[in-house]
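These notes concern the structure reproduced below.
By convention here, the first residue in the shown sequence is residue 1. Quantities reported herein were computed from a predicted structural model and do not represent experimental measurements.
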Amino acid sequence: MALSQTQLTRMALDITSGLSNHDRFSRLLDTIRESMQCDAAALLEFKGQQFTPLAINGLSPDVLGRRFVLHEHPRLEAIARAGDVVRFPTDSDLPDPYDGLIPNQVDNLTVHACIGLPLLADGSLIGAVTIDGFDPDQFKSFTNEQLRAISAIASASLNNALLIDKLEKQALQSKWDREDNTGKSKEGHKEIIGQSQIISSLKQEIAVVAPTDLNVLIMGETGTGKELIAHEIHQASRRAALPLIYLNCAALPESVAESELFGHVKGAFTGAISNRSGKFEMADKGSLFLDEIGELPLTLQAKLLRVLQYGDLQRVGDDRSLKVDVRIIAATNKNLKNEVLAGRFRSDLYHRLSVFPLVAPPLREREQDITLLSGFFVERCRQQLGLQTLRLSSASLAMLESYPWPGNIRELEHSIYRAAILARAQSAGSHGLITPEHFEFANAVSPSGSRSKVSAAPEFSGNLKQATEAFQADYIRQTLKQQDNNWAATARALELDSGNLHRLAKRIGLK
């Protein structure tokens with residue numbers, strides 16, 4: 001079967017259509033799979049010496065979360081270096097990056113047809129299309145000219161999307177700083193994995209605030225990736241070439257907290273044997289990430305406020321003032337509004353920090369990202385464990401999607417690492433398969449894949465009033481989610497007057 005002119009035309013028209021990038025790429029692969037009758041296809045972006053899947057067809061869904069480092073995948077490296085159509089021999093000894101990742105066809109991957117199309121723009125590699133089939137002779141009827149036509153169309157589609165993204169970022173940057181022409185490379189920074197609506201909205205908010213010098217307060221439960229968000233803000237800012245200094249306020253003994261933040265001079269206290277710069281001086285012209293800001297003692301909150309207001313500080317034991325230019329990115333897993341009401345956090349500092357608040361959503365509110373995150377962590381495990389292939393069984397993926405993840409992304413990451421180590425210990429050779437029994441919480445998910453109704457009792461802290469409010473907040477949040485964020489339906493489900501529910505939600509910090 002040869003490619004028809006109609007199919008090529010349809011691919012070309014999709015480039016300029018009003019589709020989103022995701023839909024455009026998916027339709028491109030749909031057309032390729034339909035016209036070439038292949039069993040799997042993938043569109044990959046090349047950046048930072050690695051291939052990132054943008055769209056897949058016929059592959060396990062967790063492939064979208066994987067990142068294929070070039071030097072670890074010989075076939076992808078061959079495609080990257082070829083500059084033209086690559087037809088891999090059916091007896092090629094180069095491992096395929098998708099071995100075991102085509103659902104229900106694990107045993108058919110030892111011999112198959114494989115084509116790689118490098119995607120180029122202005123002579124530079126921007127991506128690749130991979131096409132796989134189980135029949136060794138599957139693609140012999142397609143000429144290299146036809147494959148080059150697909151490559152040209154896919155290159156134009158990808159380059160078009162990348163140019164639009166670049167223009168949007170440049171427009172946003174120039175809005176805040178029209179004189180910033182540093183041309184800093186953003187490659188190599190950590191990446192927020194996810195395609196859910198809530199994560200897409202978060203990325204948009206980050207893109208808006210990052211180019212400014214506004215202070216940012218990141219709120220969210222433990223393990224939701226607040227530090228990753230801080231890195232993303234810093235990397236997209238004017239200060240990216242300068243340091244992002246980290247300080248965990250919760251791990252800071254009060255006796256040394258002031259010295260850690262502001263530094264000290266020799267002889268300021270017992271043990272001060274030399275002058276020492278604090279975190280603020282180290283972060284001058286850069287950013288300072290204050291993790292768990294809600295744990296900072298009240299005495300230090302006042303001094304922190306002065307630095308935010310006037311940009312000057314004093315080292316411990318020194319009467320002289322130092323000027324610093326520091327952007328504050330703070331994070332907390334506490335409800336700081338409640339902490340202000342309880343007198344444990346200064347209201348003026350809270351308002352200074354929360355100029356632009358961001359919320360790191362819990363994993364249970366972004367269920368469609370669990371598969372992508374799982375693929376991302378599995379690929380990292382494969383690299384660290386030195387395995388040729390490491391994959392999740394379909395039952396494992398279903399179980400991961402069904403588990404409520406009280407520990408959020410951090411729990412997911414640790415669970416996959418532990419499961420990967422167990423899978424490696426039980427596997428022969430360099431291939432690993434992660435199955436449900438490798439996860440310690442397997443019994444917490446029912447056989448049908450639904451979330452277990454039996455869960456550990458929640459733990460509360462503080463006095464009775466605070467614990468009661470915490471329970472009310474959790475229960476209202478849970479009911480609101482069950483009612484698709486409909487407050488009127490939530491009030492009916494809770495058997496509350498709608499007005500009373502809104503007032504209660506405001507009082508306990510839900511609205």
Worksheet item: Are any of the side-chain heavy atoms of Ile233 and Phe289 separated by less than 4.5 Å?
Response: no
To the nearest 0.5 Å, atom CD of Glu227 lies from atom OG1 of Thr224 at 11.5 Å
**Study point:** Donor-acceptor side-chain pairing of Ser60 and Asp62 below 3.5 angstrom
**Key:** yes
Query raised in the report: Can a salt bridge be assigned to the pair Lys203 and Glu232 using a cut-off of 4.0 Å between side-chain N and carboxylate O?
Result: no
Contacts of Asn144 meeting side chain to side chain donor-acceptor pair (under 3.5 Å) (sequence neighbours excluded), chain-then-number -> Arg87
Fill in: Worked check of side-chain hydrogen bond (donor to acceptor under 3.5 Å, both in side chains) between Ser200 and Gln204
CA-CA 6 Å; Ser200 298; Gln204 291 173 1; over 6 Å; no
Given the rule in the side-chain contact (heavy atoms from CB on, under 4.5 Å) test, do Leu336 and Leu217 qualify, once you have shown the distances and angles that lead to the verdict? CA-CA 10 Å; Leu336 288 189; Leu217 177 64; 3.9 Å; yes
- Task: State whether a side-chain donor-acceptor pair under 3.5 Å links Glu205 with Ser201.
- Result: no
For residues 419-428, the salt bridge (charged side-chain N to carboxylate O under 4.0 Å, His left out) pairs (sequence neighbours left out) are none
Is there a donor-acceptor pair under 3.5 Å between the side chain of Thr479 and the backbone N or O of Thr490? no
- Can you find a pair of side-chain heavy atoms, one from Leu125 and one from Leu120, that are under 4.5 Å apart? yes
Short N-O contact, Glu145 and Arg148, less than 4.0 angstrom | yes
Donor-acceptor check, side chain of Thr435 to backbone of Ala395, threshold 3.5 angstrom: yes or no? no
* Asked: Quick one: does Leu43's side chain get under 4.5 Å of Ile32's, heavy atoms only?
  -> no
In this structure, CZ of Arg418 is separated from CD1 of Ile434 (nearest 0.5 Å) by 12.0 Å
Exactly one candidate in Ile79, Ile150, Leu147, Thr143 meets side chain to side chain contact (heavy atoms under 4.5 Å, CB included) with Val85; the answer is Leu147
Test your reading of the model: is there a side-chain donor-acceptor pair from Arg239 to the backbone of Ser287, 3.5 Å cut-off? no
Go through Ile409 and Ile193 one step at a time and tell me if the side-chain contact (heavy atoms from CB on, under 4.5 Å) criterion holds.
CA-CA 11 Å; Ile409 300 171; Ile193 303 293; over 6 Å; no
- Item | Chi angles and distances behind the salt bridge (Lys or Arg N to Asp or Glu O under 4.0 Å) call for Arg382, Glu379 | CA-CA 5 Å; Arg382 184 200 63 76; Glu379 181 63 17; 2.9 Å; yes
Q.
What I'd like to find out is whether the side chain of Leu119 reaches to under 4.5 Å of the side chain of Ser151, using heavy atoms alone.
A. yes
By side chain to side chain donor-acceptor pair (under 3.5 Å), Tyr475 pairs with (sequence neighbours left out) none
Q) Below 4.0 angstrom, N of the basic side chain to O of the carboxylate: do Arg238 and Asp213 qualify? A) yes
Note to self: Any side-chain to backbone donor/acceptor pair from Asp369 onto Gln195? Under 3.5 Å, distance only.
What the structure shows: yes
Result for side chain to side chain contact (heavy atoms under 4.5 Å, CB included) between Leu244 and one of Arg327, His231, Gln235 points to His231
Short question: side chain of Thr212, backbone of Val209 - any donor-acceptor pair under 3.5 Å? yes
Taken to the nearest 0.5 Å, the spacing of Thr222 OG1 from Asn333 CG works out to 4.0 Å
Salt-bridge criterion met for Asp30 and Arg27 (N-O under 4.0 Å)
no
Q.
Has Gln50 got a side-chain atom pairing as donor or acceptor with Lys47's backbone, closer than 3.5 angstrom?
A. no
Review point. Is there a donor-acceptor pair under 3.5 Å between the side chain of Trp405 and the backbone N or O of Leu400?
Key: yes
Between Val86 and Ala78, the two heavy atoms sitting closest are CG2-O, 4.2 Å
inquiry  = For a 4.5 angstrom cut-off between non-hydrogen side-chain atoms, does Asn57 reach Phe25?
reply    = no
Closest non-hydrogen atoms of Gly375 and Arg66, given as atom of the first, atom of the second and distance, are O-CG, 3.2 Å
Original post:
Looking at Arg364 and Glu221, does any basic side-chain N land under 4.0 Å from a carboxylate oxygen?
Top reply: yes
Rounded to the nearest 0.5 Å, the CG atom of Asp99 sits from the OG1 atom of Thr389 at a distance of 6.5 Å
Residues Phe439 and Ser415: closest non-hydrogen pair is CE2-O, 3.8 Å
Next item on the list: Decide side-chain contact (heavy atoms from CB on, under 4.5 Å) for Leu70 and Phe46; before the verdict, give the C-alpha distance in whole Å, the side-chain angles of both, and the deciding distance to 0.1 Å.
Entry: CA-CA 9 Å; Leu70 193 63; Phe46 182 72; 4.0 Å; yes
Hey, does the side chain of Arg33 reach the backbone of Cys38 with a donor-acceptor pair shorter than 3.5 angstrom?
yes
Should the ring pair Phe377 and Tyr417 be called parallel, tilted or perpendicular, given that the plane angle runs from 0 to 90° and is split at 30 and 60?
perpendicular
On a heavy-atom basis, the closest approach of Leu397 and Ser374 is CD2-CB, 4.4 Å
Contact check, side chains of Thr371 and Leu64, non-hydrogen atoms, under 4.5 Å
no
In short, Pro97 meets His73 closest at the heavy-atom pair CB-ND1, 3.7 Å
Review point. Has the side chain of Asp39 got a donor or acceptor atom that lies under 3.5 Å from a matching backbone atom of Phe134?
Key: yes
Heavy-atom closest pair (Gln146 atom, Ser141 atom, distance to 0.1 Å) is OE1-O, 4.1 Å
Interatomic distance, CG@Asn408 vs CD@Glu365, rounded to 0.5 Å, equals 9.5 Å
**Q.** Under 3.5 Å donor-acceptor, Lys226 side chain and Ala360 backbone
**A.** no
Q. Where do Val378 and Arg391 land on the side-chain contact (heavy atoms from CB on, under 4.5 Å) test, with the steps shown first?
A. CA-CA 7 Å; Val378 166; Arg391 58 190 180 88; 5.8 Å; no
Phe68 vs Tyr98 aromatic rings, parallel, tilted or perpendicular, using cut-offs 30° and 60°? perpendicular
dist Gln368:CD -> Ile198:CD1 (nearest 0.5 Å) comes out at 10.5 Å
